[in-house]
Amino acid sequence: MTRIASRVSQLHGEGALAVYSRAKELERQGRSIIHLELGEPDFHPAAPVVEALRTAVAAGRDRYCSTRGLPALVEAIADYLKRTRGVAATGEQVLVAPGCKMALSLAMMALVEPGDEVLLPDPSFPIYPSFTRGLGATPVAFGLEEKNKFQPDVDEIAQKVTPRTTMLIFNSPNNPTGTVFSDAAMEKLAVLARKHDLWVLSDEIYAVAPVEVIDAMDLLVLNTFTCAAEFTQVAAIEALRDSTSAVEAMVVEYRKRRDQFVSGLNHIPGFRCQAPDGAFYAWVNIEDTGLSADQVQRVLLEEAGVAGIAGAAFGPGGKNYLRFSLASARRVLEEALERIQRVSLHWRAAISR
Ligand SMILES: Cc1ncc(COP(=O)(O)O)c(C=O)c1O
């Protein structure tokens, strides 16, 4: 009998996409919806990047190319990391993937064996535990708790290391909390990883890794998608050059959105939100509303037309939280706050009792 491989049954989806589908359905019924569920920026690439892409396509840059990425892009990435982060990576430690999930899954396919244990944050990006299970390994969660300002408790992580633990995954700034891990926490994590000989998979968009890992991932690329599309890589070189300082302008705008939205959320009865250090998410504690996060998510979407995500989508630690994306313009965020304020009548009466 034909069958689907059992590893697929170990994978799960993303809560954000489920909320997005329902929000789209409401829009089809004529409802006005403010989309704060997906982390999809409203910015588009800067004009020189679009122009570089257009020129590359017109010039026929649609050929197979190196499985590791165009040499000029690989060098540009290594240079960018040196310039902006002080990371001394060489070109041979870089691999270009078509999207971050692909880079993550290549690294995990190269390094994780069935039966391994993989340490990862709760809450975190839902694909980490999903893909871990898909590879026949076991995700072991460590908490990022509000009482610790969502910083990792490295002593707790140390207690969770067993002889089967092979990898530690995190991303900083974290999705969904926006926490930038402190230098002290990073140093302790490095000591822990060295002590137990763990791989550290830090989700930072580009795949930079020791050469032997890049070699393994390279073979996986060859066996799966061959290479990232050439013209997108040409545009990526231009994006890293950032000749119009578009990144700085985006950071300034994101900061304004964060300050405006987080302050507004903290004025809504029952909501509590720490300002995130990075990323473009607001992670809001809704415990004081007396409702579950699922109920708040439903009231916001069905009655106010504001799509956010109940935090359990990012792990059990997200039970009393909602995540809102700040990837929309300030006037849109302002309207979202007004709408949320209006429907908060639902739980305000209960709070004041
Ligand atoms: C932390 C994190 N890692 C990876 C990804 C996936 O990135 P991509 O869409 O480039 O595959 C996302 C997307 O939301 C993310 O938030």
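Any value given below was found using the heavy atoms of this structure, including those in side chains, with hydrogens, waters and symmetry copies removed. Numbering of ligands and ligand atoms starts at 1, following listing order.
- A salt bridge does not link Glu27 with Arg31: every distance from a Lys NZ or Arg NE/NH1/NH2 to an Asp or Glu carboxylate oxygen is 4.0 Å or more.
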Return a table of N or O atom pairs, ligand 1 on one side and protein on the other, at distances under 3.5 Å, rounded to 0.1 Å.
residue: ligand 1; atom: 3 (N); partner: Asp203; partner atom: OD2; Å: 2.5
residue: ligand 1; atom: 10 (O); partner: Cys100; partner atom: N; Å: 2.8
residue: ligand 1; atom: 11 (O); partner: Cys100; partner atom: N; Å: 3.2
residue: ligand 1; atom: 11 (O); partner: Lys101; partner atom: N; Å: 2.8
residue: ligand 1; atom: 16 (O); partner: Asn175; partner atom: ND2; Å: 2.8

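- Tyr254 meets the ring pair (Phe, Tyr, Trp, His ring centres under 6.0 Å) test with Phe43, Phe280; sequence neighbours excluded.
- Under 3.5 Å, the side chains of Tyr281 and Asn174 contain no donor-acceptor pair of N or O atoms.
- Under the 30°/60° scheme for interplanar angles, the aromatic rings of Phe170 and Phe181 are found to be tilted.
- Glu37 approaches Ala23 most closely through the heavy-atom pair OE2-CB, 3.8 Å.
- The closest side-chain donor-acceptor pair between Ser263 and Asn266, if any, does not fall under 3.5 angstrom.
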